[in-house]
Amino acid sequence: MNYWLMKSEPHVYPYEQLVEDGQTHWDGVRNYQARNTMRDSMKVGDLVLFYHSNTKPPHVAGVAKVVREGYPDFTSWDANGHYFDPKSSPDSPRWFMVDIAPVLGFSAIVSLPDMKGNPNLEGMPLLRKGQRLSVQTVDEVYFQEVLAMGGHSIEDVHP
DNA sequence: GCCAACGTTGGC
DNA sequence: GCCAACGTTGGC
């Protein structure tokens, strides 16, 4: 079991939308490191911190889980789409995505300032200056700590 | 292969 | 709106 964090801008795709949709494909990631993570490392059942970026304050909104492992991001083939990449094709896909589903929405969000102020989260990649990766790994201890800050425990999210 | 220019991310 | 950090592009 691995743990991850995925960033989304809430005015584009908030956690509540994931709840409404029941499941979604995580399209549009155009960073190689994030792609590799989704293509090679994320497994069905892995848990994901759903992070809202570019909002005040930035925060973790809840927990999601991987329900489908890496497969080609077909939005890269749509010449009229926002995520079109002429160098990607069905024969030779350049970009990959996973599907996720909601697990638990935090009753109280876990804000970035609060996370920065928690010594137990010291060393968490998300809190490093200049960290821009939209899909990143989370150590289990950090995952559990964020969960605790959100008023929950690991029993609430494990099947 | 270097690196300057440029574009994007995302906190503040 | 600003800008630091960082990734990508493309000329050489």
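Remember, predicted model here, so these are calculated numbers, not experimental data. Sequence lines set the chain letters: A, B, ... in the order given, protein chains first and strands last, and positions in each chain run from 1.
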To the nearest angstrom, the CD-P distance between A:Gln131 and B:dG10 comes to 9 Å
On DNA chain C, more 5' by nearest nucleotide between A:Asn54 and A:Arg30 is A:Asn54
Could you tell me whether the phosphate oxygens of B:dT9, OP1 or OP2, come under 4.0 Å of any side-chain nitrogen or oxygen in A:Lys7?
no
Exactly one candidate in A:Val66, A:Leu5, A:Val63, A:Asn2 meets side-chain contact (heavy atoms from CB on, under 4.5 Å) with A:Val48; the answer is A:Val66
Under a 4.0 Å N-O cut-off, is there an ion pair linking A:Arg35 with A:Asp73? no
Between A:Gln33 and the options A:Asn31, A:Val29, A:Asn36, the side-chain contact (heavy atoms from CB on, under 4.5 Å) test singles out A:Asn31
Rounded to whole Å, NZ of A:Lys56 lies from P of B:dG10 at a distance of 16 Å
Out of curiosity, does A:Leu133 fall in the hydrophobic cluster containing A:Leu112 (side-chain heavy atoms, cut-off under 4.5 Å, transitive links)? no
To the nearest angstrom, the NE2-P distance between A:His59 and B:dG11 comes to 11 Å
Taken to the nearest whole Å, CD/A:Gln136 to C1'/B:dG10 is 12 Å
To the nearest angstrom, the CG-P distance between A:Leu126 and B:dT9 comes to 16 Å
Comparing nearest nucleotides in DNA chain C, the 5'-proximal residue of the pair A:Tyr32, A:Lys129 is A:Lys129
A:Gln33 CD to C:dA5 C1', in whole Å, measures 14 Å
From CG of A:Asp85 across to C1' of C:dT9 the rounded distance in Å is 13 Å
A:Glu9 atom CD is separated from B:dG11 atom C1', nearest whole Å, by 12 Å
